Amino acid sequence: MLINHERRLLRQAAEADDRQISIKQKPDRTWPGDHSRLLALESRGDLRSVGLESGGAFATWRITETGLSALERLSGLGA
């Protein structure tokens, strides 16, 4: 269920000290499944890309205020 993935990824970013979430590219240079989910959250404005690090091996996003609001809604805290 997409909402569970959204909540999991937004929560990871929200709970991090720097409010960021990063994923590592696989050795075969493909991305894990969460990469497309993070891109979808970015396209909605819930996350903002910080960029690629270590020659493109890590992709990092920071949660936005919109993302924090979405997390509250998904967690049932904003109702």
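Computed from a predicted structure; not experimentally measured. Just so you know, residue 1 is the first one in the sequence shown, and it goes up from there.
Asp18 is linked by a salt bridge (Lys or Arg N to Asp or Glu O under 4.0 Å) to nothing, counting only residues two or more places apart in sequence or in another chain. In this structure, Asp17 has no side-chain contact (heavy atoms from CB on, under 4.5 Å) partners at least two apart in sequence or on a different chain. Legend: residues meeting side-chain contact (heavy atoms from CB on, under 4.5 Å) with Lys24, ordered by chain and number and at least two apart, are Phe58. In this structure, the side chain to side chain donor-acceptor pair (under 3.5 Å) partners of Thr30, at least two apart in sequence or on a different chain, are Asp28. Among residues two or more places apart in sequence or in another chain, the side-chain contact (heavy atoms from CB on, under 4.5 Å) test is passed with Leu68 by Ala14, Arg19, Ile63, Glu65.
Put simply, CG on Leu41 and NE2 on His5 are 11.0 Å apart, with the number rounded to the nearest 0.5 Å. Annotation: the span from Glu42 atom CD to Ser36 atom OG amounts to 12.5 Å, rounded to 0.5 Å. Expressed to the nearest 0.5 Å, how far CD1 of Ile23 lies from CH2 of Trp61 amounts to 4.5 Å. With rounding to the nearest 0.5 Å, the separation of CG in Leu10 from CG in Leu38 is 8.5 Å.
Counting all heavy atoms, side chain and backbone alike, Leu71 lies closest to Arg7 at CD1-O, 3.8 Å. Here the closest non-hydrogen pair linking Ser75 and Arg11 is OG-NH2, 3.2 Å.
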Scan the side chains in residues 45-56 for donor-acceptor partners under 3.5 Å anywhere in the protein, sequence neighbours excluded, and list what turns up.
{"from": "Asp46", "atom 1": "OD2", "to": "Arg44", "atom 2": "NE", "distance (Å)": "3.0"}
{"from": "Asp46", "atom 1": "OD2", "to": "Arg44", "atom 2": "NH2", "distance (Å)": "2.4"}
{"from": "Ser49", "atom 1": "OG", "to": "Gly51", "atom 2": "N", "distance (Å)": "3.4"}
{"from": "Glu53", "atom 1": "OE2", "to": "Thr60", "atom 2": "OG1", "distance (Å)": "3.1"}

